[in-house]
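Here is the structure we will look at.
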Amino acid sequence: MARDTSIQHVRNIGIAAHIDAGKTTVTERILYTTGKKHKIGTVDDGTAEMDWMVQERERGVTITAAATTCFWHNCALHLIDTPGHVDFTVEVERSLRVLDGAIALFCAVGGVEPQSETIWHQAERYGVPRIAFVNKMDRVGANFARTLAMMHERLGANPLPLQLPIGEGNTFVGITDLLTQKALYWNSEDFGQTYREVELWQLSEHGGESPALPTREQIARARENLCESVAAEDDALLEKYFAGEELTCAELVGGIRTATLNGTLVPVLCGSALKNVGVQPLLDAVINFLPSPLDVPPIQGTIPDALPYQNSIQNLVINNVDDGPGKTTVAPPEMHAERLANDEKAERLANDEKAERMANDEAPFSALAFKVVSHPTVDKLVYCRVYSGTLRRGEVVMNVSTGKRERINRILQMHANKEAVRDAAYAGDIVALVGLKHTKTGDTLTEPAHPILLASIDFPPPVISIAIEPERASDADALEETLQKLMDEDPTFTVGIDKETGQRIISGMGELHLEILTDRMLREFGVNARVSQLQVAYRETIGSAAEARGTHIHKTDEEGIYGDVTLTVEPLARGAGFQFADTTDETHIPRHYIPSIQHALRRAMGTGALIGYALQDIKVTLTGGSMHPTDSSEIAYEAAAVLAFENAVRKANPLLLEPIMQIHVTVPDAHVGKVIGDLNARRAQIHESGMRQETVTIIKALIPLSETFQYTTSLRSMTQGRGAFTLEFSHYDVVPKSFVLVQSVQ
């Protein structure tokens, strides 16, 4: 069966922005304009189709990335609406990993807000071309020019306005299209489904139909900037431009498309999604400027046959790591089996054979699983981006990440939580698959005869934790099963065990993240559980280098046990994790025992010497040891390595680390002094305090996560309910010694 839409007419795009910039509203208007739905939904009323979860509709905030497909001018738009709240950054991360292009949304009042910067840099990391849409031009305080300036200053972008707004705030009535040189006025009678076009030359200098129309000088200056910027990206156009010839609309569109795909220019449009103004030109821009699967480089990977799967200890991971008495017990992400699958997913050596897959239906099938979702009638849905080849229902695929074969029972085209059955999926498609039992986020699926391993997806570590227990013994199995399903869905959600209390400790990206997950346990999965207060995911490290020796030597009547290890530990930069080096030779320790020693040292990183939290940012160098011709064994060397490591860490000035968050506080000028004083009392380091508008100030600071609990209530109290803030994980840093003493006593 042939595909319905040719691959050059496919667009895989996402809508990403700071919370409350209007992503879901834009998506709803796109679905309405393209005829995908025939009734307007709103976030405030809880009727937005893409916000289908109960928790989303109750809170008016997008929690999970929702996928849909619609059509515009014979092009298929595979669209993903992503969350804007920092707690759900995993949804943005994995969506950008598989998308070809993105619409970066900005609020005309807020401009470039904190999460906008994060998302922008995520898109840059994945090389995703973007167009920008300045939304909410009808709101009081809207400022198109300021938003452009903020894009340049804060994002380092080169914004290229293709439109100018006709008015701002209460006077906003339409847009001026610099490409076609027409003024566009939307009709309110049909809720913006149609608009009138008026040639600019027909309007007087003072606005004609609208006094808010930009002046001829403003339009001419913007048009000249457009032509000059596009011509600078193309030698042929530049020659024509310098010759004084007028660039045609088609030439400008072609030049803008090339510059957008290269990432040198960012086309900027504007409008009001709430009033359905500017949606049609936005859709046209998606078709004209964002790439099809053929316009992006072929997906890169490695051929697993180049070297056999290794039982590498480098990525061997431990689940349920014990972090200490009554404390947050989440190991670093590299130490969770559920996050990295199993040993067969070990790192490839540098000389692995590289390969690529072209976006072609006839090429060998390859796809990346980027999202796993629990489903009420089947085991789970696995969302996949097909990069090459064709997948048909009933076929068997190879999960290259695990080495297992799986059969595709059904192929679904998703529209939020609704589904339509398809017989096949083709290169460039984003679909959900049913029947995959052993596939997790980041796994590669391929044709068994032509395997290729694609790069997986990296996720930030969790920073906040709570203890959770079943209310009754009969709920224990259901709780365990539910926690496993939630971990499969969300790679930033982890589960550990406190070794002293035996409590289950769940960890996530923030208070809202854990609140949503625990609410889902009760309402969606029907699990009755008790949760404790939030705790901070502390870590430990060392402040200096140290050397120690460990021995595990015993002699019995039947056999002897001999292990002798000498090693050094030294601190690494923040975020470096764990590194292992070996400077010994066969005369010290037999080579076949080295992997076991490294394995044991990774496990030892799970418990620090100071209080018992997991260790990080440490390099361990195996410098010496000795062997016995008959009594040496793997177990003996493991035990000796752990003893040496524990002794060395105790001598290396152990330090307690705490998660430091970036906080952006928006506060009325009248309350700035009070808020800054409160932040200083919370150990915050204020980096910037600047005015966004005449009466509102944004305070940027770094603050320990432990000082932010219940900050929402405090800020509202200090600002009479008018203050707001956002948090984002920044890094781990050393806790003051006085605070460490308090923690050790608790």
Between Met414 and Thr69, does the side-chain contact (heavy atoms from CB on, under 4.5 Å) criterion hold? Intermediate values first, please. CA-CA 7 Å; Met414 301 303 297; Thr69 298; over 6 Å; no

Count the heavy atoms belonging to other residues, nucleotides or ligands that lie under 6.0 Å from [atom1] of [X], then report whether that count exceeds 12.
X	atom1	result
His731	NE2	yes
Asn225	CG	yes
Glu239	CD	no
Asp235	CG	no

Side-chain donor-acceptor pair under 3.5 Å between His415 and Thr68, yes or no?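 Yes, side-chain donor-acceptor contact under 3.5 Å.
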
Pair Trp72, Gln280: side-chain N/O donor-acceptor within cut-off below 3.5 Å: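 Side chains of Trp72 and Gln280: no pair found under 3.5 Å.
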
Working for side-chain contact (heavy atoms from CB on, under 4.5 Å), residues Val26 and Leu282: CA-CA 10 Å; Val26 169; Leu282 175 62; 4.0 Å; yes

Tyr383 and Phe370 aromatic ring geometry - parallel, tilted or perpendicular at 30°/60° bounds: perpendicular

Quick one: does any side-chain atom of Glu91 pair with a main-chain N or O of Phe88 as donor and acceptor, under 3.5 Å? no

Using a strict cut-off of less than 4.0 Å between a Lys/Arg side-chain nitrogen and an Asp/Glu carboxylate oxygen, indicate whether Arg146 and Glu168 qualify as a salt bridge. no

For the ring pair Phe106 and Phe133, is the centre-to-centre distance below 6.0 Å? no

